[in-house]
*Asks:* 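Please read through the structure below; I'll follow up with questions.
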Amino acid sequence: MRALKIMPRPAAVACVLALVAACTPAETASVRRPGTTSAPSSPSARPKATRHGPPGEQPRTGEVRPVGRAGDLPPVISSIPTKRKVVFLTIDDGWEQDPGFVKQVRDQHIPITAFAMRDAVEAKGTPDPAGGPGKYVGAGKWGYFRQLRNADVAIENHTLTHPNLRLLSRDAQRREICGSSQVIRKELGARPTLFRPPFGNYNTDTLRAAKSCGIEAVLLWTATVQPGGKIAYQVPDKRLRPGDILLLHFRPNLAGDFRVLVNKIKRRGFELGNLQAYLAAMTVDR
């Protein structure tokens, strides 16, 4: 709640004009909550306002339709069941570690979930050249993802090496998924609960392997974001829909493209939702 300014009383104004020593700064100070310290006398010395709580819109009571899971395997989710004009941002791999992207997410308190792939984060191999030559490939490695974590970005699982999981045995899939969770826990201090399969390819063995690695849900998407912040839709009418999950990648010009994307979403009247809060509201056992 903003502090309320107390308007000077006539007597106080006269007192100030008369330079009477009995007048104190408290007579023109802002109202403060009990237990807080006095506000700085100089505007330039005042601390910057900080935003509290998780970033993004939270689900309203009764807004999200619960979705039960079939059996004991993690549910596969490609969109959030809501009629509210809210969409969700996710980003995959970790190749192009643009510091401008972290700054936007942190300064604007933008909700986004990152799915880290070990080889991309550690710059092992060569990134997809589709986005053009990168400037920040592997620049910060896991230190970059610690910056994202500190900016309230949830860091989730996208395998170690980005294979087509359908071509692997269950044991091989488990090594990819569990191995990634172990690396992320070691580097960032928290074990992932969400998993995004490379290329969106998965089978029953994937779900079983994911469950054994502590994964609670497998997350897909409904639209991808291309260079320039262009949205590539997977629906015939080519428009955003409530509950859409958008997929970005850590590609060149990430900061610029991300700025274009966020502005575009807001111009179309959509809000950015907190994915974790919505998933908690929609997933129930049955």
Side-chain angles (χ1 to χ4, degrees), residues 51 53-57 78-80 85-117 120-121 123 127-158 162 188 194 196 198 200 219-234 238-278:
R51 302 185 184 186
E57 297 298 320
S78 57
S79 65
I80 303 298
K85 292 187 71 174
V86 58
V87 297
F88 305 87
L89 300 180
T90 65
I91 185 166
D92 284 9
D93 64 54
W95 291 107
E96 184 68 358
Q97 300 179 2
D98 188 338
F101 172 69
V102 178
K103 187 176 188 304
Q104 287 181 61
V105 171
R106 180 185 63 241
D107 293 354
Q108 299 177 35
H109 211 54
I110 298 174
I112 188 167
T113 299
F115 290 85
M117 191 264 284
V121 176
D128 184 349
K135 182 179 180 182
Y136 302 105
V137 174
K141 296 187 168 55
W142 287 106
Y144 182 80
F145 275 76
R146 282 188 279 275
Q147 292 179 43
L148 287 171
R149 175 203 62 194
N150 294 342
D152 292 323
V153 176
I155 311 298
E156 304 292 353
N157 189 322
H158 195 43
H162 207 267
L188 304 177
L194 301 179
R196 173 164 282 158
L219 205 76
L220 301 181
W221 59 91
T222 50
T224 60
V225 180
Q226 304 302 315
K230 181 180 179 181
I231 302 174
Y233 302 96
Q234 297 180 358
K238 306 297 181 185
R239 63 183 179 86
L240 285 176
R241 296 184 177 186
D244 274 350
I245 297 174
L246 277 62
L247 164 62
L248 300 88
H249 288 87
F250 286 88
R251 287 178 172 165
N253 197 37
L254 175 59
D257 289 353
F258 191 64
R259 185 178 301 108
V260 170
L261 173 68
V262 171
N263 289 338
K264 182 183 297 185
I265 290 171
K266 292 182 178 180
R267 284 199 310 270
R268 295 180 182 179
F270 282 81
E271 300 170 295
L272 299 175
N274 184 289
L275 178 62
Q276 285 67 29
Y278 272 81

*Asks:* Among all residues two or more places apart in sequence or in another chain, which pass the side-chain contact (heavy atoms from CB on, under 4.5 Å) test with V105?
*Replies:*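 V105: side-chain contact (heavy atoms from CB on, under 4.5 Å) contacts with F101, I112, A151, V153, F258.
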
*Asks:* Of all residues at least two apart in sequence or in a different chain, which pass the salt bridge (charged side-chain N to carboxylate O under 4.0 Å, His left out) check with R106?
*Replies:* none

*Asks:* State, with a plain yes or no, whether a side-chain heavy atom of H249 is found less than 4.5 Å away from one of W95.
*Replies:* no

*Asks:* Give me each pair satisfying salt bridge (Lys or Arg N to Asp or Glu O under 4.0 Å) with a member in residues 250-278, each pair once, sequence neighbours excluded.
*Replies:*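 For residues 250-278, and leaving out neighbouring residues, the salt bridge (Lys or Arg N to Asp or Glu O under 4.0 Å) pairs sorted by first residue read R84-E271.
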
*Asks:* With T224, which residues qualify under side-chain hydrogen bond (donor to acceptor under 3.5 Å, both in side chains), at least two apart?
*Replies:* Q226

*Asks:* Identify, with sequence neighbours excluded, every residue that meets side-chain hydrogen bond (donor to acceptor under 3.5 Å, both in side chains) alongside D92.
*Replies:* R196

*Asks:* Just to verify, what does F115 make a ring-ring contact (aromatic ring centres under 6.0 Å, His included) with, not counting sequence neighbours?
*Replies:* none

*Asks:* Of all residues at least two apart in sequence or in a different chain, which pass the side-chain contact (heavy atoms from CB on, under 4.5 Å) check with R241?
*Replies:*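 For R241 the side-chain contact (heavy atoms from CB on, under 4.5 Å) partners, ignoring immediate neighbours, are V235, D237, R239, D244.
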
*Asks:* Closest heavy-atom contact between G228 and V260?
*Replies:* O-CG1, 3.5 Å

*Asks:* So, taking the atom named OG in S79 and the one named CG in L246, what distance separates them when rounded to the nearest 0.5 Å?
*Replies:*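 These two atoms lie 11.5 Å from each other.
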
*Asks:* Got a second to check how far I231's CD1 is from L248's CG, nearest 0.5 Å?
*Replies:*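 If we round to the nearest 0.5 Å, I231:CD1 and L248:CG are 9.0 Å apart.
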
*Asks:* Please list all pairs meeting side-chain hydrogen bond (donor to acceptor under 3.5 Å, both in side chains) that have one or both residues in residues 127-139, counting only residues at least two apart or in different chains.
*Replies:* none

*Asks:* Output all residues satisfying side-chain contact (heavy atoms from CB on, under 4.5 Å) with A116, sequence neighbours left out; order by chain, then residue number.
*Replies:* V121, W142, F145, I155, I184

*Asks:* Is there a side-chain contact (heavy atoms from CB on, under 4.5 Å) between L220 and I245? Walk through the geometry before answering.
*Replies:* CA-CA 8 Å; L220 301 181; I245 297 174; over 6 Å; no

*Asks:* Tell me every residue that passes side-chain hydrogen bond (donor to acceptor under 3.5 Å, both in side chains) with Q147, counting only those two or more places apart in sequence or in another chain.
*Replies:* none

*Asks:* For a quick test of reading the model, state the closest non-hydrogen atom pair linking G100 to A255 and the distance between them.
*Replies:* C-CB, 3.7 Å

*Asks:* Where the side chain of Q97 meets the backbone of K141, is there a donor-acceptor pair that is under 3.5 Å apart?
*Replies:*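 Yes, the answer is positive, given that a donor and an acceptor are paired below the 3.5 Å cut-off.
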
*Asks:* Donor-acceptor pair, distance only, cut-off 3.5 Å: does the side chain of S78 make one with the backbone of W221?
*Replies:* no

*Asks:* What residues, two or more places apart in sequence or in another chain, satisfy ring-ring contact (aromatic ring centres under 6.0 Å, His included) together with H162?
*Replies:*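 Checked H162 against ring-ring contact (aromatic ring centres under 6.0 Å, His included); matches are H158, F199.
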
*Asks:* Taking it one step at a time, do T113 and E156 satisfy side-chain hydrogen bond (donor to acceptor under 3.5 Å, both in side chains)?
*Replies:* CA-CA 7 Å; T113 299; E156 304 292 353; over 6 Å; no

*Asks:* Take L240 and Y233 through the side-chain contact (heavy atoms from CB on, under 4.5 Å) test and state the conclusion after the steps.
*Replies:* CA-CA 8 Å; L240 285 176; Y233 302 96; 4.1 Å; yes

*Asks:* Please determine whether side-chain contact (heavy atoms from CB on, under 4.5 Å) holds for the pair V86 and I80, giving the CA-CA distance in whole Å, both sets of side-chain angles, and the decisive distance to 0.1 Å.
*Replies:* CA-CA 9 Å; V86 58; I80 303 298; over 6 Å; no

*Asks:* Give me the atom names and distance for the closest heavy-atom approach of G132 to P252.
*Replies:*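 What the structure gives for the nearest pair is O-CG, 3.2 Å.
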
*Asks:* Looking at side-chain heavy atoms only, is the closest gap between L254 and I91 below 4.5 Å?
*Replies:* yes

*Asks:* Sequence neighbours excluded, which residues qualify as side-chain contact (heavy atoms from CB on, under 4.5 Å) partners of P111?
*Replies:*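 P111 satisfies side-chain contact (heavy atoms from CB on, under 4.5 Å) with P55, L272 once adjacent residues are dropped.
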
*Asks:* Which value, rounded to the nearest 0.5 Å, describes the distance between Y144 atom OH and E96 atom CD?
*Replies:* 8.0 Å

